[in-house]
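Structure first, then comments.
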There are 2 protein chains.
Amino acid sequence: MQKQETLSKNQKIILDLIEKSDQPLKAYSILFDVKKKGINAPLQVYRALNKLVKIGKIHKIESRNAFIACKNSKCQIAKATVFSICESCEDVTEIHDHKLSEHLRDFKDNKGMKYNKYNLEFFGLCKKCI
Amino acid sequence: MQKQETLSKNQKIILDLIEKSDQPLKAYSILFDVKKKGINAPLQVYRALNKLVKIGKIHKIESRNAFIACKNSKCQIAKATVFSICESCEDVTEIHDHKLSEHLRDFKDNKGMKYNKYNLEFFGLCKKCI
DNA sequence: CTTAAATATGTTATATTATTACACAGCGTT
DNA sequence: AACGCTGTGTAATAATATAACATATTTAAG
């Protein structure tokens with residue numbers, strides 16, 4: 001049985017918003033949207049975002065400074081993320097590819113690093129934009 | 001025969017600085033350092049950085065908003081980057097692993113995306129910090 | 001059940017990262 | 001000479017993120 005995180009009020013509001021969008025949201029756009037719910041300051045948003053990232057409910061798209069919900073219920077910790085990003089329409093999809101994940105999980109360099117996390121972003125053009 | 005890019009004055013100054021550091025530099029730290037060379041404004045730095053990224057002389061470490069020189073002379077275009085990042089000391093190394101690159105280059109999802117670029121960042125602890 | 005630790009909130013101010021807009025210079029092409 | 005392209009310089013501002021402080025709430029331990 002996995003530990004079920006109990007989310008706080010702000011965390012719930014913000015996760016809710018991100019889960020309703022199938023595309024990544026930016027912190028200040030989230031802030032704008034949750035002002036009607038009484039969240040007024042950037043820091044309130046960033047605090048919730050950081051927590052949600054930490055527990056794996058959302059992921060940060062580093063190259064875009066944006067946040068997307070993780071659809072994979074098994075993904076309790078944000079330690080292995082792969083995204084596909086269309087450079088024309090900016091559509092982002094999370095990729096779950098078993099073979100690729102295996103490869104990345106098993107990767108060893110020759111520097112003696114101990115890895116516990118990775119993030120991979122593929123860029124290109126989606127079907128619509130080709 | 002590869003096209004040999006001719007760098008402009010600002011581009012040379014900034015590439016020079018980044019190449020002398022074996023660790024990633026941030027834009028405003030670069031700005032601070034090149035003020036003595038007559039580069040006064042952020043935009044001058046960002047313009048040079050963008051060009052250098054485009055031609056593959058440097059790479060951006062997306063999760064750190066920092067820029068590092070590419071040591072691989074063959075890497076003329078920044079289209080396939082893999083980094084190892086120590087989360088304790090922030091040491092960054094570019095990884096060139098043939099088998100991994102092959103895997104990433106050949107990756108196909110089932111959405112019909114046409115990829116032309118990827119960026120992979122591994123996080124963990126380096127030998128010193130374990 | 002109460003105290004201490006950990007987590008979350010709210011607010012103000014500020015730091016850091018990056019771009020827009022405008023004017024102009026240098027160079028190669030047609 | 002006129003044009004397109006790339007680069008420069010400057011000022012202003014936008015966008016992203018954190019520091020610092022005061023207080024509240026939840027959790028876990030004694």
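For the numbers below, each heavy atom of this structure counts, side chains included, while hydrogens, waters and symmetry mates do not.
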**Study point:** Candidates D:dG7, C:dT19, C:dG10 - which lies nearest the side chain of A:Gln44
**Key:** C:dG10
Point to revise | B:Lys26 side chain near C:dA15 phosphate (N/O to OP1/OP2, under 4.0 Å) | key: no
**Study point:** Phosphate OP1/OP2 of C:dT7 contacted by A:Lys51 side-chain N/O (<4.0 Å)
**Key:** no
Exercise for review: Identify the heavy atoms of B:Leu49 and B:Ile18 that sit nearest to each other, and give their distance.
Suggested key: CD2-CD1, 3.7 Å
**Study point:** Face-to-face stacking of B:Tyr28 with C:dT16, centres under 5.5 angstrom, angle under 30°
**Key:** no
Point to revise | B:Asn65 side chain near C:dA18 phosphate (N/O to OP1/OP2, under 4.0 Å) | key: yes
Practice item. In whole angstrom, give the distance that lies between atom CD of B:Gln11 and atom C1' of C:dG26. Key: 14 Å
Review point. In whole angstroms, how far is the C1' atom of C:dT7 from the NZ atom of A:Lys9?
Key: 15 Å
Review point. Can you name the nearest heavy-atom pair linking B:Tyr118 to B:Ser101, along with the distance?
Key: OH-CA, 3.7 Å
Practice item. Report the C-alpha distance between B:Phe67 and B:Val53 in whole Å, list the side-chain angles of each, state the deciding distance to 0.1 Å, and finish with yes or no for side chain to side chain contact (heavy atoms under 4.5 Å, CB included). Key: CA-CA 9 Å; B:Phe67 300 85; B:Val53 165; 4.1 Å; yes
**Study point:** OP1 or OP2 of D:dT8 under 4.0 Å from side-chain N/O of B:Ser8
**Key:** yes
Point to revise | Shortest side-chain distance from A:Ala41, nucleotide among C:dT19, D:dG9, C:dT12 | key: C:dT12
Practice item. Return the value, rounded to whole Å, for the distance between atom CG of A:Leu7 and atom C1' of D:dT26. Key: 14 Å
Point to revise | Atom-to-atom span, CG of A:Leu31 to P of D:dT18 - whole angstrom | key: 15 Å
Point to revise | B:Arg64 CZ to D:dT16 P, straight-line distance once rounded to whole Å | key: 19 Å
Study note, to complete from the structure: Rounded to whole Å, the CG-C1' distance (B:Asn50 to C:dT20) equals 14 Å
Practice item. Let me know the distance between CZ of B:Arg47 and P of D:dT10, rounded to the nearest Å. Key: 11 Å
Practice item. Ignoring backbone atoms, establish whether A:Lys60 has a side-chain N or O less than 4.0 Å from OP1 or OP2 of D:dA17. Key: yes
Review point. Looking only at atom types and distance, does a side-chain atom of A:Asn50 sit under 3.5 Å from a main-chain N or O of A:Tyr46, one as donor and one as acceptor?
Key: yes
Review point. What about the rings of B:Phe107 and A:Phe122, do their centers lie closer together than 6.0 Å?
Key: yes
Review point. What is the distance from CD1 of A:Ile61 to P of D:dT16, rounded to the nearest Å?
Key: 14 Å
Practice item. Nearest-nucleotide wise, let me know which of B:Leu43 and A:Asn40 is further upstream toward the 5' end of DNA chain C. Key: A:Asn40
